[in-house]
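Since we're looking at a predicted model, the values are computed, not measured.
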Amino acid sequence: MTKYIFTCEHGGNNIPNEYKYLFKAHRPLLKTHRAYDIGILEIFKEFVKHFNGESFYSETSRLLIELNRSLHHQNLFSEITRILDNEAKQRIINNYYKPYRDKVENGIVDLINQNNKVIHISFHSFTRELNGVTRKTDIGLLYDSKSTFEKVFCKNWKAEINRLSNLYRVRFNYPYLGVADGFTSYLRNKYGSQSYCGIELEINQKHLQNDFNKEIMLDLIINSFKSIS
């Protein structure tokens with residue numbers, strides 16, 4: 001049987017009180033895409049109401065710690081928290097990184113142990129402009145091109161989005177590669193493609209900046225997913 005798990009790793013820009021002193025000179029940065037995936041948490045919370053599946057999200061800013069990176073990744077800590085000593089970094093890992101990652105992974109393991117195939121949809125948004133380059137793609141679907149199941153799943157999702165609307169450009173493995181270091185890559189490597197499928201949904205933040213456009217995008221994502229799930 002197929003079961004779904006929905007996650008949102010970069011839902012908010014919250015900084016725990018004990019670390020706010022580090023961000024006194026960086027408060028404007030907390031309102032930017034550097035701190036969180038702007039607009040995606042609202043999409044996520046409404047989306048999961050329409051589907052059966054466990055859902056998990058975090059509102060802790062990735063400027064504290066990057067939940068979508070492996071522990072060995074050079075960008076696990078931002079330039080703001082990288083200055084902390086190893087003991088302080090380990091406390092952040094123990095208090096914020098591991099509880100979220102373990103909660104999601106334990107949910108996946110429970111479903112796999114019940115002989116289910118898990119389809120994990122991880123929700124993200126991306127900034128419309130990065131380093132002076134305008135990103136013209138509207139929706140990205142990230143997957144492992146070596147996984148036939150993931151490839152077909154994303155192909156069907158894209159086709160359904162295009163059927164419902166011809167106003168949005170959908171690209172595979174954009175603006176990032178589906179096999180780049182991330183939570184879905186970690187889980188895919190650990191549990192294998194027979195038991196686990198990891199898809200990252202990326203939405204251009206230009207569609208999430210006002211309620212009207214956000215509602216249109218939400219309806220498109222919900223209705224397209226209903227047709228393939």
Side-chain angles (χ1 to χ4, degrees), residues 6-44 56-108 120-135 140 142 144 173-190 198-206 208-209:
F6 308 106
T7 69
C8 181
E9 282 69 51
H10 304 137
N13 57 355
N14 293 347
I15 300 295
N17 287 334
E18 62 183 306
Y19 301 106
K20 284 184 176 179
Y21 74 95
L22 291 168
F23 292 84
K24 284 184 178 179
H26 305 282
R27 287 173 182 167
L29 193 61
L30 288 172
K31 297 180 180 180
T32 73
H33 69 93
R34 288 285 313 284
Y36 70 118
D37 283 359
I38 296 171
I40 199 62
L41 187 59
E42 295 90 336
I43 294 286
F44 175 82
F56 306 91
Y57 65 90
S58 171
E59 294 183 89
T60 300
S61 174
R62 60 172 155 232
L63 290 175
L64 181 75
I65 190 167
E66 171 56 272
L67 299 179
N68 200 35
R69 292 289 176 263
S70 299
L71 287 172
H72 59 76
H73 197 278
Q74 62 179 357
N75 293 324
L76 177 67
F77 291 96
S78 71
E79 68 273 20
I80 300 169
T81 52
R82 201 173 293 144
I83 64 171
L84 296 170
D85 61 33
N86 289 337
E87 183 178 347
K89 288 178 181 177
Q90 191 59 52
R91 282 200 302 273
I92 293 175
I93 291 171
N94 292 341
N95 292 335
Y96 299 98
Y97 182 94
K98 285 182 65 63
Y100 178 81
R101 300 260 302 207
D102 289 350
K103 186 167 54 176
V104 174
E105 187 170 356
N106 289 340
I108 290 171
H120 172 198
I121 310 296
S122 178
F123 283 65
H124 300 271
S125 70
F126 62 94
T127 181
R128 65 190 301 176
E129 183 177 315
L130 186 66
N131 299 325
V133 177
T134 299
R135 292 155 153 178
L142 281 55
D144 180 2
N173 288 324
Y174 182 92
Y176 312 103
L177 295 177
V179 293
D181 182 84
F183 201 9
T184 55
S185 298
Y186 160 82
L187 293 165
R188 187 187 298 120
N189 291 334
K190 186 169 183 178
I199 306 297
E200 292 181 84
L201 170 68
E202 292 271 3
I203 301 175
N204 194 316
Q205 290 169 7
K206 70 180 181 180
L208 307 178
Q209 293 177 332

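- Nearest heavy atom pair, residue G178 against residue S185, reads O-OG, 3.4 Å.
- Atom CZ of residue F183 and atom OG of residue S70 lie 10.0 Å apart, to the nearest 0.5 angstrom.
- If you take OG1 on T60 and CD on E9, they are separated by 12.0 Å, rounding to the nearest 0.5 Å.
- No side-chain heavy atom of H26 sits less than 4.5 Å from a side-chain heavy atom of L63.
- Considering only residues two or more places apart in sequence or on other chains, E79 meets the side-chain hydrogen bond (donor to acceptor under 3.5 Å, both in side chains) condition with R34.
- The main-chain N or O of I15 is never found under 3.5 Å from a side-chain atom of S61 such that the two would form a donor-acceptor pair.
- Contact of the Y36 side chain with the L41 side chain is not registered, since no non-hydrogen atoms from C-beta on lie closer than 4.5 Å.
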Practice task
Check the pair T7 / H120 against side-chain hydrogen bond (donor to acceptor under 3.5 Å, both in side chains), numbers first and verdict last.
Solution key: CA-CA 8 Å; T7 69; H120 172 198; 2.8 Å; yes

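- No hydrogens or angles considered: a donor-acceptor pair under 3.5 Å links the side chains of N17 and K20.
- Using modelled atom types, no side-chain atom of N75 and backbone atom of E66 make a donor-acceptor pair closer than 3.5 Å.
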Exercise for the section: Test I43 against L201 for side chain to side chain contact (heavy atoms under 4.5 Å, CB included), laying out the working first. Expected result: CA-CA 11 Å; I43 294 286; L201 170 68; 5.7 Å; no

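- The closest side-chain heavy-atom distance from F23 to T81 is below 4.5 Å.
- Nearest heavy-atom pair, N13 versus L30, reported as atom, atom and distance to 0.1 Å: ND2-O, 2.8 Å.
- Looking only at side-chain heavy atoms (C-beta outward), I38 and Q209 stay at 4.5 Å or farther from each other.
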Practice task
Decide yes or no on side chain to side chain contact (heavy atoms under 4.5 Å, CB included) for T184 and I199, but give the supporting numbers first.
Solution key: CA-CA 7 Å; T184 55; I199 306 297; over 6 Å; no

Exercise for the section: Evaluate the side chain to side chain contact (heavy atoms under 4.5 Å, CB included) criterion for residues Y19 and I80: first the C-alpha distance (whole Å), next the side-chain angles of each, then the deciding distance (0.1 Å), finally the verdict. Expected result: CA-CA 10 Å; Y19 301 106; I80 300 169; over 6 Å; no

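- Annotation: the span from I93 atom CD1 to R101 atom CZ amounts to 11.0 Å, rounded to 0.5 Å.
- Applying the side-chain contact (heavy atoms from CB on, under 4.5 Å) test between S58 and each of N14, N68, V104, L67 identifies L67 as the sole match.
- Expressed to the nearest 0.5 Å, how far CZ of R135 lies from OH of Y174 amounts to 5.5 Å.
- At most 12 heavy atoms of other shown residues, nucleotides or ligands fall within 6.0 angstrom of atom NZ in K31.
- Put simply, CD on E202 and CG on N173 are 10.5 Å apart, with the number rounded to the nearest 0.5 Å.
- With a 4.5 Å cut-off on side-chain heavy atoms, L208 and E42 do not count as touching.
- There is a side-chain donor-acceptor pair under 3.5 Å between H124 and S122.
- To the nearest 0.5 Å, atoms NZ (K103) and CD1 (I108) are separated by 13.0 Å.
- Minimum interatomic distance between R128 and N204 (heavy atoms only, all atoms of both residues): CB-OD1, 3.3 Å.
- By the 30° and 60° cut-offs, the orientation of the rings of F44 relative to Y57 is perpendicular.
- Inter-residue side-chain proximity for L76 and I65 is flagged as met; some heavy-atom pair is nearer than 4.5 Å.
- Using a 4.5 Å heavy-atom threshold, the side chains of F77 and I92 count as touching.
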Handout entry: E105 vs Y186, side-chain hydrogen bond (donor to acceptor under 3.5 Å, both in side chains): CA-CA, chis, key distance, verdict
Key = CA-CA 10 Å; E105 187 170 356; Y186 160 82; 3.1 Å; yes

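- With a 4.5 Å cut-off on side-chain heavy atoms, D37 and R62 count as touching.
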